[in-house]
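Report on one structure; see the data block that follows.
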Amino acid sequence: MQIFIDSAEVKELKALAETGLVDGVTTNPSLVAKAGGDFFESLRTICGAVKGPVSAEVVAQDYPTMLLEGRKLRQLADNIVVKVPMTPDGLKACKTLEEEGHPCNVTLCFSAVQALLAAKAGATFISPFLGRIDDGGQDGMGLIREIRAIFDNYDFQTQILAASIRTVGHVRDAALAGADCATIPPAVFRALYKHNLTDAGLEAFLKDWRGTGQSIL
Ligand code: E4P
């Protein structure tokens, strides 16, 4: 499963890219507002730091303006992916932009039939928001499983990008459910490394090694 980071914080993304484990980035207007700074400049820097897909969202709601915004965003860097909302105009823009060779990520997906429509529009990515579904007392991971089954039934190539991830368990379950990618907040990404038995085991190994009085270098 590809690991994307869900953030627009340039400094943070540069640091995480150095782990060598980051396959891409997703941003959205709320994350951009939270990060501050110039939108276009930040995107250029992020696209330089992370070689994989970097989603940047259009804010227009009508088809013609979405096309203009999407094409403009794509001029920033080759690895920009145009994020469009799961609306009739958004899917129409997705179809046109994909036909022009601009990869799209359809965002704000909350049902399997929405994902089916996005796949039919030729989207490169569909983003089911599993955390927000869980927040509403429903089964976000169930949606990932449904979309996986539908895409496999018809051999759709659209990649399932599990979004609105809140926990380490979400990452594990998205991988088990067959998501192609998960976009993960920085804090959750850092938590993926952690296990109390890893910490305790390492401490014991190092204590025993010190007792030998030897060194490797
Ligand atoms: C996905 O691309 C979105 O940016 C994101 O995952 C939304 O997550 P949230 O529900 O935590 O805002």
Side-chain angles (χ1 to χ4, degrees), residues 1-10 12-13 16-17 22-37 39 42-43 46-47 50 52-61 66 69-70 73-74 76-77 79-87 90-91 93-94 97 102-112 114-115 117-119 121 123-144 147 158-175 177 179-192:
M1 184 173 71
Q2 297 170 76
I3 290 181
F4 292 1
I5 303 295
D6 200 25
S7 172
E9 305 273 356
V10 175
E12 179 121 75
L13 288 167
L16 293 180
V22 175
D23 300 303
V25 171
T26 53
T27 68
N28 66 41
S30 303
L31 292 171
V32 169
K34 189 173 157 212
F39 179 49
S42 298
L43 282 173
I46 294 168
C47 287
V50 178
V54 174
S55 289
E57 190 159 340
V58 300
V59 288
Q61 297 304 299
M66 278 187 200
E69 290 185 352
L73 289 170
R74 279 281 295 160
L76 289 173
N79 51 336
I80 286 279
V81 170
V82 182
K83 221 178 186 190
V84 295
M86 181 51 241
T87 60
L91 290 193
C94 170
L97 289 167
H102 305 306
C104 291
N105 173 2
V106 176
T107 190
L108 292 165
C109 170
F110 292 93
S111 81
Q114 287 181 323
L117 293 182
T124 299
F125 298 101
I126 178 72
S127 290
F129 274 40
L130 61 94
R132 292 193 194 186
I133 293 173
D134 284 1
D135 293 346
Q138 288 172 312
D139 178 18
M141 211 54 69
L143 174 58
I144 305 285
I147 299 172
T158 299
Q159 296 181 54
I160 303 170
L161 204 179
S164 189
I165 295 267
R166 305 264 195 266
T167 64
V168 167
H170 273 159
V171 179
R172 175 198 60 218
D173 292 345
D180 298 287
C181 339
T183 188
I184 306 173
V188 176
F189 174 78
R190 290 199 183 87
L192 296 179

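In each ligand, atom 1 is the first atom listed, and ligand 1 is the first ligand listed.
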Subject >> Of V171, T167, D6, I5, the residue whose pairing with V188 passes side chain to side chain contact (heavy atoms under 4.5 Å, CB included) >> reply: V171
Original post:
What is the closest protein heavy atom to atom 12 (O) of ligand 1, and at what distance does it sit?
Top reply: R132 NH2, 2.8 Å
**OP:** Identify whether the distance between the nearest side-chain nitrogen and carboxylate oxygen of E69 and K83 falls below 4.0 Å.
**Re:** no
**OP:** May I ask you to list the atoms of ligand 1 that are less than 4.0 angstrom from any heavy atom of R166?
**Re:** 9 (P), 10 (O), 11 (O)
Subject >> side chain to side chain contact (heavy atoms under 4.5 Å, CB included) partners for S42, two or more places apart >> reply: V10
Original post:
Side chains of S164 and L130: does their closest heavy-atom pair fall under 4.5 Å?
Top reply: no
Original post:
Who's the nearest protein heavy-atom neighbour of atom 4 (O) of ligand 1, and how far?
Top reply: N28 ND2, 2.7 Å
**OP:** Among N28, N105, L43, I80, find the residue that satisfies the side chain to side chain contact (heavy atoms under 4.5 Å, CB included) test when tested with S55.
**Re:** N105
Original post:
side chain to side chain contact (heavy atoms under 4.5 Å, CB included) with L117: which residues, sequence neighbours excluded?
Top reply: M86, L91
Original post:
Which heavy atom of the protein is the closest neighbour of atom 8 (O) of ligand 1, given with residue, atom name and distance?
Top reply: S164 CA, 3.4 Å
Subject >> Ligand-residue contact atoms, ligand 1 with K83, heavy atoms, under 4.0 Å >> reply: 1 (C), 2 (O), 3 (C), 4 (O)
Original post:
Do M141 and D139 have side-chain heavy atoms sitting under 4.5 Å apart?
Top reply: yes
Original post:
By number and element, which atoms of ligand 1 are closer than 4.0 Å to a non-hydrogen atom of A163?
Top reply: 1 (C), 6 (O)
Original post:
Which atoms of ligand 1 are found less than 4.0 Å from any heavy atom of T26?
Top reply: 2 (O)
Original post:
In terms of residue, atom name and distance, what is the protein heavy atom nearest to atom 5 (C) of ligand 1?
Top reply: D6 OD2, 2.8 Å
Original post:
Of all the atoms in ligand 1, which lie at a distance below 4.0 Å from a heavy atom belonging to F129?
Top reply: 1 (C), 3 (C), 7 (C)
**OP:** Could you tell me whether T107 and ligand 1 have an N or O pair separated by under 3.5 Å?
**Re:** no
Original post:
What do you reckon, does N105 have a nitrogen or oxygen under 3.5 Å from a nitrogen or oxygen of ligand 1?
Top reply: no
Original post:
So do the side chains of T87 and M66 get within less than 4.5 Å of each other, counting heavy atoms only?
Top reply: yes
